Undergrad: 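Below: one structure in structure tokens.
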Amino acid sequence: PTEKVETSYDKLAAEYFSQIMGIALSASSNLKLYQFIYDWIGTPYRLGGDSKKGIDCSKFVFELYNKVFNTVIGNNSQNIFGMVNPVNTKNELKEGDLVFFKIRSRSITHVGIYIGNNKFAHASSSKGVMISNLDDDYWKKYYYKGGRLLGHFQ
């Protein structure tokens with residue numbers, strides 16, 4: 001039988017997320033997802049940006065889905081929302097689901113990716129790519145809905 005050999009990079013990413021999120025990654029966790037996020041943490045925000053020099057929220061999610069799930073999604077948060085099945089409550093969110101926000105607007109203005117334990121990764125306009133908590137007052141106030149890409153994570 002083939003044994004899965006864990007690289008030091010895998011361990012580093014797992015330790016990082018265990019510390020940040022307060023949970024240990026399980027065997028069922030999508031390590032590729034966490035490695036992608038780990039690689040992008042701290043990338044500055046840039047509206048319309050699509051590289052490590054600067055990226056916005058929808059391009060971050062677009063790149064993540066492309067590289068981690070081999071899936072092409074919309075190029076702005078409203079287009080992306082049109083491609084998902086809404087997730088009714090935050091309790092039903094699963095690793096890899098999308099989270100949408102209406103920040104001082106009637107329409108969707110922000111998107112991130114749910115990573116478990118009420119945390120999500122996103123490109124914040126103030127701090128760049130980071131991890132935030134859905135329970136923080138700011139995100140609670142503007143949270144709109146979660147969504148699961150059609151055909152994913154069923």
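Residue numbers count from 1 along this sequence. As the structure is a computational prediction, the values presented were derived from the model and not from experiment.
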Undergrad: When clusters are formed by joining ILVMFWY residues with side-chain heavy atoms under 4.5 Å apart, either directly or through shared neighbours, do Ile131 and Tyr138 land in the same one?
TA: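 No: no chain of side-chain contacts under 4.5 Å links Ile131 to Tyr138.
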
Undergrad: Cut-off 3.5 Å, no hydrogens considered: what does the side-chain donor-acceptor table look like for residues 57-64, sequence neighbours left out?
TA:
unit_1 : atom_1 : unit_2 : atom_2 : d
Ser58  : OG     : Asp56  : OD1    : 3.3
Ser58  : OG     : Asn75  : O      : 3.3
Glu63  : OE1    : Lys67  : NZ     : 2.9

Undergrad: Hey, quick one: are Ile113 and Tyr34 part of the same hydrophobic cluster, counting side-chain heavy atoms closer than 4.5 Å, chains of contacts allowed?
TA: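 Linked, Ile113 and Tyr34 end up in one cluster.
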
Undergrad: Minimum heavy-atom separation for Leu33 to Glu95, with atom names?
TA: CD2-CG, 3.6 Å

Undergrad: Quick check on the hydrophobic clustering: are Val111 and Val84 connected, directly or via other members, by side-chain heavy-atom contacts under 4.5 Å?
TA: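 Cluster IDs for Val111 and Val84 match.
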
Undergrad: Who clusters with Leu47? Use side-chain heavy atoms, under 4.5 angstrom, across I, L, V, M, F, W and Y, and order the result by chain and number.
TA: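 Under the 4.5 Å side-chain rule, Leu47 groups with Tyr45.
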
Undergrad: Any donor and acceptor pair, going by atom type alone, linking the side chain of Asn76 with main-chain N or O of Gln78 inside 3.5 Å?
TA: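 Yes: the side chain of Asn76 pairs with the backbone of Gln78.
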
Undergrad: Distance-only, no hydrogens or angles: does the Tyr144 side chain make a donor-acceptor pair with backbone N or O of Ile103 under 3.5 Å?
TA: no

Undergrad: Given the rule that I, L, V, M, F, W and Y join up when any side-chain heavy atoms are under 4.5 Å apart, are Phe81 and Tyr142 in one cluster?
TA: no

Undergrad: Working to the nearest 0.5 Å, report the span between OG1 of Thr43 and CD1 of Ile55.
TA: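 Separation between the atoms: 7.0 Å.
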
Undergrad: In the single-linkage hydrophobic clustering (I, L, V, M, F, W, Y; side-chain heavy atoms under 4.5 Å), do Val99 and Trp40 co-cluster?
TA: no

Undergrad: Excluding sequence neighbours, so at least two apart, what forms ring pair (Phe, Tyr, Trp, His ring centres under 6.0 Å) with Phe101?
TA: His110, Phe120, Trp139, Tyr143

Undergrad: Considering residues at least two apart in sequence or located in another chain, which fulfil the side-chain contact (heavy atoms from CB on, under 4.5 Å) criterion with Lys141?
TA: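 For Lys141 there are no side-chain contact (heavy atoms from CB on, under 4.5 Å) partners, ignoring immediate neighbours.
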
Undergrad: In Å and rounded to the nearest 0.5 Å, what is the CG to CD distance from Asp97 to Glu92?
TA: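 If we round to the nearest 0.5 Å, Asp97:CG and Glu92:CD are 9.5 Å apart.
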
Undergrad: Once rounded to the nearest 0.5 Å, what's the spacing between atom CG of Leu98 and atom CG of Leu93?
TA: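 So the gap between those two atoms works out to 9.5 Å.
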
Undergrad: How would you list, by chain and number, every residue that makes a side-chain hydrogen bond (donor to acceptor under 3.5 Å, both in side chains) with Asp136, sequence neighbours excluded?
TA: none

Undergrad: So, taking the atom named CG in Asn117 and the one named CG in Asn133, what distance separates them when rounded to the nearest 0.5 Å?
TA: 7.5 Å

Undergrad: Partners of Ser105 by side-chain hydrogen bond (donor to acceptor under 3.5 Å, both in side chains), sequence neighbours excluded?
TA: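 In terms of side-chain hydrogen bond (donor to acceptor under 3.5 Å, both in side chains), with neighbours along the sequence ignored, Ser105 is linked to Ser107.
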
Undergrad: When rounded to the nearest 0.5 angstrom, what distance separates CZ in Phe36 from CG in Leu31?
TA: 14.0 Å

Undergrad: CZ/Arg46 to NZ/Lys53 distance, rounded to the nearest 0.5 angstrom?
TA: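 So the CZ of Arg46 and the NZ of Lys53 are separated by 8.0 Å.
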
Undergrad: Decide yes or no for Lys52 and Asp39: does some side-chain heavy atom of the first lie under 4.5 Å from some side-chain heavy atom of the second?
TA: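 Yes, close enough: below the 4.5 Å cut-off.
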
